Amino acid sequence: MKIATYNVNGINSRLPVLLRWLEETAPDVVCLQELKAPQEKFPFQSLHDAGYSALWQGQKSWNGVAILSRNTSIQEVCRLLPGDAEDLQSRYLEAQVQGIRVGCLYLPNGNPAPGPKFDYKLAWLERFQVYAANLLKSELPVILAGDYNIIPTETDVYKPERWLSDALFRSESRQAFQTLLNQGWTDALRKLYPQERLYTYWDYFRDAYRRNAGLRIDHLLISPSLAGRLIAGGVDYPVRGWEKTSDHAPVWVELADV
DNA sequence: ATGACCTAAACATTAGGA
(Lines give C-alpha, C1' and ligand atoms only; values in the text may rest on other atoms or scores of the structure.)
Protein backbone atom coordinates (compact mmCIF):
# COMPACT_ATOMS: atom_id res chain seq x y z
CA MET A 1 0.00 0.00 0.00
CA LYS A 2 1.14 3.50 -0.82
CA ILE A 3 1.03 6.27 1.79
CA ALA A 4 1.85 9.87 0.87
CA THR A 5 2.22 13.26 2.53
CA TYR A 6 1.66 16.53 0.72
CA ASN A 7 1.70 20.12 1.94
CA VAL A 8 -0.78 21.61 -0.52
CA ASN A 9 -0.48 25.26 0.56
CA GLY A 10 -4.18 26.09 0.19
CA ILE A 11 -6.38 23.13 -0.72
CA ASN A 12 -8.98 25.07 -2.68
CA SER A 13 -6.55 26.93 -4.90
CA ARG A 14 -4.64 23.66 -5.34
CA LEU A 15 -7.60 21.41 -6.05
CA PRO A 16 -6.89 20.79 -9.77
CA VAL A 17 -3.27 19.87 -8.98
CA LEU A 18 -4.33 17.63 -6.07
CA LEU A 19 -6.97 15.79 -8.13
CA ARG A 20 -4.58 15.28 -11.03
CA TRP A 21 -1.90 13.92 -8.71
CA LEU A 22 -4.39 11.57 -7.00
CA GLU A 23 -5.55 10.25 -10.34
CA GLU A 24 -2.05 9.76 -11.73
CA THR A 25 -0.46 8.14 -8.68
CA ALA A 26 -3.44 6.59 -6.83
CA PRO A 27 -2.03 6.66 -3.27
CA ASP A 28 -4.04 4.58 -0.77
CA VAL A 29 -3.64 7.00 2.13
CA VAL A 30 -2.74 10.69 1.96
CA CYS A 31 -1.81 13.19 4.68
CA LEU A 32 -2.41 16.79 3.65
CA GLN A 33 -1.14 19.92 5.37
CA GLU A 34 -1.72 23.66 5.10
CA LEU A 35 -5.32 23.40 3.95
CA LYS A 36 -5.70 27.12 4.64
CA ALA A 37 -9.44 26.60 4.72
CA PRO A 38 -12.07 26.69 7.47
CA GLN A 39 -13.81 23.42 8.31
CA GLU A 40 -16.83 24.15 6.10
CA LYS A 41 -14.76 25.01 3.01
CA PHE A 42 -13.05 21.64 2.66
CA PRO A 43 -13.78 20.18 -0.82
CA PHE A 44 -14.93 16.77 0.41
CA GLN A 45 -17.33 16.26 -2.50
CA SER A 46 -14.60 16.62 -5.14
CA LEU A 47 -12.42 14.18 -3.23
CA HIS A 48 -15.31 11.77 -2.78
CA ASP A 49 -15.93 11.87 -6.53
CA ALA A 50 -12.24 11.06 -7.01
CA GLY A 51 -12.67 7.96 -4.84
CA TYR A 52 -11.38 9.24 -1.49
CA SER A 53 -12.99 9.48 1.89
CA ALA A 54 -11.62 12.26 4.07
CA LEU A 55 -11.17 13.37 7.65
CA TRP A 56 -10.08 16.96 8.12
CA GLN A 57 -9.40 19.60 10.71
CA GLY A 58 -9.70 23.01 9.13
CA GLN A 59 -8.80 26.49 10.34
CA LYS A 60 -9.49 29.93 8.97
CA SER A 61 -6.59 31.34 6.92
CA TRP A 62 -3.81 29.11 8.17
CA ASN A 63 -2.78 25.58 9.05
CA GLY A 64 -5.30 22.76 8.57
CA VAL A 65 -4.62 19.03 8.12
CA ALA A 66 -6.48 16.16 6.48
CA ILE A 67 -6.26 12.41 5.98
CA LEU A 68 -7.59 10.80 2.79
CA SER A 69 -8.24 7.12 2.20
CA ARG A 70 -8.96 5.52 -1.15
CA ASN A 71 -12.18 3.51 -1.21
CA THR A 72 -12.16 2.86 2.54
CA SER A 73 -13.43 4.41 5.72
CA ILE A 74 -11.36 6.35 8.26
CA GLN A 75 -11.68 6.00 12.04
CA GLU A 76 -10.82 9.22 13.85
CA VAL A 77 -8.45 9.01 16.83
CA CYS A 78 -7.81 12.69 17.65
CA ARG A 79 -7.87 16.17 16.12
CA LEU A 80 -5.29 18.00 18.22
CA LEU A 81 -1.86 17.16 19.56
CA PRO A 82 -2.36 16.33 23.26
CA GLY A 83 -0.37 18.08 25.96
CA ASP A 84 -1.55 21.69 25.83
CA ALA A 85 -5.24 22.48 26.13
CA GLU A 86 -4.51 26.08 25.08
CA ASP A 87 -3.10 25.12 21.69
CA LEU A 88 -5.99 24.99 19.24
CA GLN A 89 -4.01 25.32 16.01
CA SER A 90 -5.00 22.71 13.42
CA ARG A 91 -1.67 20.93 13.15
CA TYR A 92 -2.30 17.32 14.10
CA LEU A 93 -4.85 14.74 13.04
CA GLU A 94 -4.72 11.03 13.77
CA ALA A 95 -6.80 8.16 12.49
CA GLN A 96 -6.92 4.42 12.01
CA VAL A 97 -6.83 3.79 8.27
CA GLN A 98 -6.52 0.52 6.37
CA GLY A 99 -4.96 -1.23 9.36
CA ILE A 100 -2.42 1.47 10.10
CA ARG A 101 -2.37 4.24 12.69
CA VAL A 102 -1.77 7.43 10.73
CA GLY A 103 -0.64 10.68 12.35
CA CYS A 104 -0.74 13.69 10.02
CA LEU A 105 1.23 16.68 11.26
CA TYR A 106 2.07 20.23 10.33
CA LEU A 107 4.85 21.31 12.64
CA PRO A 108 5.26 25.04 13.36
CA ASN A 109 7.74 26.86 11.16
CA GLY A 110 9.37 28.68 14.09
CA ASN A 111 10.81 31.71 12.34
CA PRO A 112 12.03 34.17 13.31
CA ALA A 113 14.40 32.41 15.70
CA PRO A 114 14.98 33.09 18.48
CA GLY A 115 11.59 34.43 19.54
CA PRO A 116 8.10 33.37 20.62
CA LYS A 117 7.42 31.50 17.38
CA PHE A 118 10.57 29.46 17.82
CA ASP A 119 9.61 28.80 21.45
CA TYR A 120 6.24 27.53 20.22
CA LYS A 121 7.96 25.23 17.74
CA LEU A 122 10.21 23.76 20.43
CA ALA A 123 7.30 23.35 22.86
CA TRP A 124 5.29 21.62 20.13
CA LEU A 125 8.24 19.32 19.45
CA GLU A 126 8.50 18.40 23.14
CA ARG A 127 4.82 17.47 23.25
CA PHE A 128 5.23 15.55 20.02
CA GLN A 129 8.21 13.60 21.39
CA VAL A 130 6.21 12.52 24.42
CA TYR A 131 3.26 11.54 22.27
CA ALA A 132 5.41 9.69 19.71
CA ALA A 133 7.16 7.72 22.46
CA ASN A 134 3.78 6.52 23.74
CA LEU A 135 2.76 5.47 20.24
CA LEU A 136 5.90 3.36 19.98
CA LYS A 137 5.10 1.79 23.32
CA SER A 138 1.72 0.72 21.93
CA GLU A 139 3.53 -1.42 19.33
CA LEU A 140 0.90 -0.52 16.76
CA PRO A 141 1.96 -0.09 13.13
CA VAL A 142 2.22 3.72 13.01
CA ILE A 143 3.24 6.31 10.46
CA LEU A 144 3.81 9.95 11.42
CA ALA A 145 3.71 11.83 8.14
CA GLY A 146 3.76 15.49 7.36
CA ASP A 147 5.54 18.78 7.07
CA TYR A 148 8.01 18.72 9.96
CA ASN A 149 9.57 22.05 9.05
CA ILE A 150 12.91 20.52 9.99
CA ILE A 151 15.93 20.03 7.73
CA PRO A 152 17.43 16.95 9.44
CA THR A 153 21.03 17.17 8.15
CA GLU A 154 23.16 19.24 5.83
CA THR A 155 22.52 16.68 3.08
CA ASP A 156 18.92 17.88 3.14
CA VAL A 157 19.51 21.47 2.05
CA TYR A 158 21.07 22.95 -1.09
CA LYS A 159 23.28 25.41 0.80
CA PRO A 160 23.57 24.55 4.52
CA GLU A 161 25.64 27.59 5.51
CA ARG A 162 22.77 29.87 4.49
CA TRP A 163 20.36 28.10 6.85
CA LEU A 164 22.33 27.74 10.08
CA SER A 165 20.36 30.36 12.01
CA ASP A 166 16.99 29.47 10.44
CA ALA A 167 14.37 27.78 12.62
CA LEU A 168 14.23 24.87 10.14
CA PHE A 169 17.92 24.08 10.52
CA ARG A 170 18.93 25.36 13.95
CA SER A 171 20.52 22.74 16.15
CA GLU A 172 17.51 22.62 18.51
CA SER A 173 15.27 21.58 15.61
CA ARG A 174 17.73 19.05 14.22
CA GLN A 175 18.30 17.58 17.66
CA ALA A 176 14.58 17.18 18.19
CA PHE A 177 14.33 15.25 14.94
CA GLN A 178 17.27 13.09 15.97
CA THR A 179 15.54 12.40 19.29
CA LEU A 180 12.60 10.94 17.38
CA LEU A 181 14.94 8.68 15.41
CA ASN A 182 16.64 7.64 18.65
CA GLN A 183 13.24 6.65 20.03
CA GLY A 184 13.00 4.05 17.28
CA TRP A 185 11.30 5.85 14.40
CA THR A 186 12.66 5.34 10.89
CA ASP A 187 13.00 8.26 8.47
CA ALA A 188 11.65 6.22 5.55
CA LEU A 189 13.05 8.23 2.64
CA ARG A 190 16.51 8.47 4.18
CA LYS A 191 16.45 4.73 4.89
CA LEU A 192 15.71 4.04 1.22
CA TYR A 193 18.21 6.62 -0.06
CA PRO A 194 21.05 6.90 2.50
CA GLN A 195 23.21 9.29 0.48
CA GLU A 196 21.12 10.98 -2.16
CA ARG A 197 20.04 14.58 -2.16
CA LEU A 198 16.28 14.52 -1.85
CA TYR A 199 14.25 17.69 -1.60
CA THR A 200 10.55 18.12 -0.93
CA TYR A 201 10.26 21.93 -0.94
CA TRP A 202 11.47 24.65 -3.26
CA ASP A 203 10.94 28.36 -2.70
CA TYR A 204 8.69 30.18 -5.15
CA PHE A 205 11.44 32.82 -5.33
CA ARG A 206 14.47 32.89 -7.52
CA ASP A 207 13.54 30.03 -9.77
CA ALA A 208 14.43 27.67 -6.94
CA TYR A 209 12.76 24.58 -8.41
CA ARG A 210 14.52 24.88 -11.75
CA ARG A 211 17.85 25.36 -9.94
CA ASN A 212 16.97 22.52 -7.55
CA ALA A 213 17.67 24.85 -4.62
CA GLY A 214 15.50 22.85 -2.26
CA LEU A 215 14.99 21.55 1.25
CA ARG A 216 13.89 18.17 2.60
CA ILE A 217 11.36 19.03 5.30
CA ASP A 218 8.43 16.70 4.60
CA HIS A 219 9.00 13.35 6.27
CA LEU A 220 7.39 9.96 6.82
CA LEU A 221 8.46 8.43 10.14
CA ILE A 222 7.52 4.79 10.51
CA SER A 223 7.38 2.51 13.54
CA PRO A 224 9.56 -0.65 13.68
CA SER A 225 6.89 -3.02 12.40
CA LEU A 226 6.30 -0.82 9.35
CA ALA A 227 10.04 -0.39 8.75
CA GLY A 228 10.13 -4.12 8.08
CA ARG A 229 7.52 -3.64 5.37
CA LEU A 230 9.16 -0.67 3.61
CA ILE A 231 9.77 -1.55 -0.03
CA ALA A 232 9.86 1.74 -1.94
CA GLY A 233 9.45 5.48 -1.66
CA GLY A 234 10.10 8.72 -3.42
CA VAL A 235 9.30 12.34 -4.12
CA ASP A 236 6.87 13.16 -6.93
CA TYR A 237 9.10 15.90 -8.31
CA PRO A 238 7.16 16.73 -11.50
CA VAL A 239 4.14 17.90 -9.45
CA ARG A 240 6.21 20.85 -8.25
CA GLY A 241 6.54 21.94 -11.87
CA TRP A 242 2.81 21.98 -12.64
CA GLU A 243 0.76 25.15 -13.08
CA LYS A 244 -0.61 26.72 -9.88
CA THR A 245 1.27 24.19 -7.76
CA SER A 246 2.28 24.12 -4.10
CA ASP A 247 5.84 24.98 -3.09
CA HIS A 248 6.07 21.41 -1.70
CA ALA A 249 6.08 18.16 -3.67
CA PRO A 250 4.28 14.98 -2.52
CA VAL A 251 6.40 12.36 -0.76
CA TRP A 252 5.35 8.69 -0.54
CA VAL A 253 6.28 5.24 0.67
CA GLU A 254 5.16 1.81 -0.45
CA LEU A 255 4.60 -0.78 2.30
CA ALA A 256 4.38 -4.50 1.70
CA ASP A 257 0.98 -6.03 2.44
CA VAL A 258 0.89 -8.13 5.57
C1' DA B 1 22.40 41.47 2.85
C1' DT B 2 18.28 41.99 0.42
C1' DG B 3 14.42 40.51 -2.04
C1' DA B 4 12.42 37.59 -4.86
C1' DC B 5 6.74 34.71 -4.90
C1' DC B 6 2.34 32.79 -3.26
C1' DT B 7 -1.90 32.26 -0.28
C1' DA B 8 -6.02 33.94 2.34
C1' DA B 9 -8.41 37.67 4.43
C1' DA B 10 -7.26 42.24 7.27
C1' DC B 11 -9.28 43.16 1.05
C1' DA B 12 -5.43 46.46 -2.00
C1' DT B 13 -2.39 46.07 2.13
C1' DT B 14 -1.09 42.82 5.63
C1' DA B 15 0.41 38.50 7.77
C1' DG B 16 2.41 34.18 7.27
C1' DG B 17 5.03 31.07 4.99
C1' DA B 18 10.19 28.62 4.80
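No experiment lies behind these values; they were computed from the predicted model shown. Within every chain, numbering begins at 1; the chains are lettered A, B, ... in the order of the sequence lines, protein sequences first and strands thereafter.
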Does some side-chain heavy atom of A:D187 sit less than 4.5 Å from a side-chain heavy atom of A:Y148?
no
On DNA chain B, check which nucleotide each of A:Q59 and A:G110 is closest to and give me the residue with the more 5' one.
A:Q59
Along DNA chain B (nearest heavy atom to each residue), the more 5'-positioned of A:T245 and A:I217
A:T245
Can you tell me if the side-chain N/O atoms of [X] get under 4.0 Å from OP1 or OP2 in [N]?
X	N	result
A:S13	B:dA8	yes
A:K117	B:dG16	yes
A:K36	B:dG16	no
A:N63	B:dG16	no

Hey, does A:K244 reach any base, or is it just sugar-phosphate, or nothing, if we go heavy atoms under 4.0 Å?
sugar-phosphate
Looking at [options], which one has an atom nearest to any side-chain atom of [X]?
X	options	result
A:W62	B:dG16, B:dA18, B:dA9	B:dG16
A:Y201	B:dA18, B:dA8, B:dT7	B:dA18
A:Y106	B:dT7, B:dG17, B:dA9	B:dG17
A:H248	B:dA18, B:dG16, B:dA10	B:dA18
A:P38	B:dA8, B:dA9, B:dA18	B:dA9
A:N149	B:dA9, B:dA8, B:dA18	B:dA18

Please give, in whole Å, the distance from [N] [atom2] to [X] [atom1]?
X	N	atom1	atom2	answer
A:N9	B:dG17	CG	P	11 Å
A:K159	B:dA1	NZ	P	13 Å
A:Q89	B:dG16	CD	C1'	11 Å

Hits for side-chain hydrogen bond (donor to acceptor under 3.5 Å, both in side chains) against A:E172, two or more places apart or cross-chain, chain-then-number order -> A:R170
Ignoring hydrogens and angles, does a donor from either the side chain of A:N109 or the base of B:dA18 sit under 3.5 Å from an acceptor on the other?
yes
Does anything in residues 205-213 of chain A come within less than 4.0 Å of DNA chain B? Heavy atoms only, and list the residues if so.
A:F205, A:R206
Between B:dA1 and B:dA12, how far apart are the two C1' atoms, rounded to whole Å?
29 Å
Expressed as a whole number of Å, how far does the P atom of B:dA10 sit from that of B:dA15?
13 Å
Just by distance, no angles: are the side chains of A:K36 and A:N9 close enough, under 3.5 Å, to form a donor-acceptor pair?
yes
Only counting residues at least two apart or in another chain, list the ones meeting side-chain contact (heavy atoms from CB on, under 4.5 Å) with A:E243.
none
Going by side-chain contact (heavy atoms from CB on, under 4.5 Å), name the residues that satisfy it together with A:R240, two or more places apart in sequence or in a different chain.
A:W202, A:Y204, A:Y209, A:T245, A:D247, A:A249
Within residues 128-141 of chain A or reaching into it, pairs that qualify as side chain to side chain donor-acceptor pair (under 3.5 Å) - sequence neighbours excluded
A:E94-A:Y131
Less than 6.0 angstrom from the centroid, inside 45 degrees of the normal: does A:R216 satisfy that with respect to the ring of A:Y199?
no
What is the glycosidic conformation of B:dA10: syn, defined as within 90° of 0, or anti?
syn
Taking only residues two or more places apart in sequence or in another chain, which ones pass salt bridge (Lys or Arg N to Asp or Glu O under 4.0 Å) with A:R20?
A:E24
